[in-house]
Amino acid sequence: MLTTDYVPGTPNWLDLGAPDTEAAAAFYGSLMGWRFESAGPEAGGYGFFTLDRKTVAAVGPLTEEGARPAWTPYFHTPDAEATAKTVEQAGGTVRLAPFDVFEEGRMAQFTDPGGARFAIWQPGRTAGLDAVNDPGTLCWTELHSPDPPRDLAFYRKVFGWDAEEMSFPGGSYTVLMTTGAGREGSFGGVAQLQEGHSTPPQWLPYFEVADCDAVVAKGQDLGGSVLMPAMSAEGIGRMAWLADVVRAPFGVIASGGPGA
């Protein structure tokens, strides 16, 4: 499970790139109860989503040419330069070389061999998100890959992740874990991107919610759309995929909820 006791390889930050940050902030404010707090005029429109005064995500304008609205997970690294070098050696692309974010930390952004975008965060004064797993916060990160074995090999070279494959009727799912932590260190998974699916290779964040069906209905009322209707998975919970008002995909899950 996710934790704020960040160790190398674990998700420690999450932000949304949006063409309209005000619309995105209003949507998630109504849906999740988040409050938007600007990082200041020097931050170029970037700001934080907070819940109960704890930072749970962030949002900023799209800055790369051709970039689409999307959530980007950041993974903890003790050495941004070394990780960037490993990404290139393993077949990934460095889209944004490591740089300092004031005194808060050091970051870089990449694209994996399958085309999914991700980033890293080397903590300075800011270790990462203040809360995870609680209702309204990040609880899982899922890679939708066109070639799971290839992309899993890439990430294991970069972060040293452990993995466990789980089979189910019609397919399989790979659970990701930080090095040597076992199931207690699980934080996400890798799923096969379905052929003909409208979404590109991506990392999809899941947010914990108290009532999946109610959040799906409210998301639609707020102008979002349903990418995968609510469904139950035994022993896991009830989950759905949505797209927000700027068309960025995300998941919601009521862990162990009704119908699980």
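Along the sequence shown, the residues carry numbers beginning at 1.
Residues Arg53 and Asp130 have side chains not in contact (no heavy-atom distance under 4.5 Å, counting atoms from C-beta outward). Counting only heavy atoms from C-beta outward, the side chains of Cys139 and Asn133 approach each other to under 4.5 Å. Contact check for Leu2 versus Leu129: no side-chain heavy atoms found under the 4.5 Å cut-off.
A side chain to side chain contact (heavy atoms under 4.5 Å, CB included) with Met32 holds for exactly one of Val252, Val56, Leu51, Thr137; it is Val252. Each of Glu142, Glu164, Glu165 was scored for a side-chain hydrogen bond (donor to acceptor under 3.5 Å, both in side chains) with Tyr173, with one residue passing: Glu142. Each of Tyr155, Phe187, Trp140, Phe110 was scored for a ring-ring contact (aromatic ring centres under 6.0 Å, His included) with Trp203, with one residue passing: Tyr155.
Minimum heavy-atom separation, Ala240 to Val216: CB-CG2, 3.5 Å. Here the closest non-hydrogen pair linking Gly223 and Arg247 is O-NH1, 3.5 Å. Residues Asp151 and Gly114 come closest through the heavy atom pair OD1-N, 3.3 Å. Leu62 and Pro69 make their closest contact through CD1-N, 4.1 Å (heavy atoms, listed as atom of the first residue, atom of the second, distance). Shortest non-hydrogen contact noted between Gly40 and Ser38 is N-OG, 3.0 Å.
Met1 and Leu138 fall into different hydrophobic clusters, where Ile, Leu, Val, Met, Phe, Trp and Tyr are joined by side-chain heavy atoms under 4.5 Å apart, directly or via other members. One hydrophobic cluster, built from ILVMFWY side chains closer than 4.5 Å, cannot hold both Met231 and Val215; they sit in different ones. Grouping the Ile, Leu, Val, Met, Phe, Trp and Tyr side chains by contacts below 4.5 angstrom, directly or via other members, places Val94 with Val101. There is no path of hydrophobic side-chain contacts, each under 4.5 Å, that joins Ile253 to Val190.
Proximity of a side-chain donor or acceptor of Tyr206 to a complementary backbone N or O of Gly188 within less than 3.5 Å is not detected. With hydrogens and angles ignored, the 3.5 Å screen pairs no side-chain donor or acceptor of Asp52 with any backbone N or O of Lys54. Panel note: side chain Lys157, backbone Gly91; no donor-acceptor pair is recorded below 3.5 Å. At least one donor-acceptor pair under 3.5 Å links the side chain of Glu208 to the backbone N or O of Ser255. Under a 3.5 Å cut-off, the side chain of Trp121 and the backbone N or O of Thr126 do form a donor-acceptor pair. Side-chain atoms of Asp162 do not come within 3.5 Å of backbone N or O of Met177 as any donor-acceptor pair. Remark: side-chain polar atoms of Thr179 are paired, donor with acceptor, to backbone N or O of Gly160 under 3.5 angstrom.
Aromatic ring pairs are classed by plane angle as parallel below 30°, tilted from 30° to 60° and perpendicular above 60°; the pair Phe250 and Phe27 is perpendicular. Note on ring orientation: taking the six-membered ring where Trp is involved, the planes of Phe49 and Trp71 are tilted (angle from 30° to 60°). The aromatic rings of Phe75 and Trp161 sit perpendicular, their planes meeting at an angle over 60°, well past the 30° parallel limit. Below 30°, between 30° and 60°, or above 60°: for Tyr28 and Phe207 the angle between ring planes is above 60°, a perpendicular geometry.
Within a 6.0 Å sphere centred on CD of Gln89, heavy atoms belonging to other residues, nucleotides or ligands number more than 12. With a 6.0 Å radius and a threshold of 12 heavy atoms from other residues, nucleotides or ligands, Glu42 has its CD atom above the threshold. For CE of Met228, the number of neighbouring non-hydrogen atoms (other residues, nucleotides, ligands) closer than 6.0 Å is greater than 12. Under a cut-off of 6.0 angstrom, the local environment of CZ in Arg106 is crowded, with over 12 non-hydrogen atoms contributed by other residues, nucleotides or ligands.
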Trp13 and Thr72: CA distance, side-chain angles, deciding distance, side-chain contact (heavy atoms from CB on, under 4.5 Å) verdict
CA-CA 8 Å; Trp13 194 256; Thr72 300; over 6 Å; no
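Applying the side chain to side chain donor-acceptor pair (under 3.5 Å) rule to Asp15 yields the partners Tyr46, Tyr74; only residues at least two apart in sequence or on another chain are considered.
Within the structure, the salt bridge (Lys or Arg N to Asp or Glu O under 4.0 Å) test picks out the following pairs touching residues 61-80 (sequence neighbours left out): Glu64-Arg95, Glu64-Arg117.
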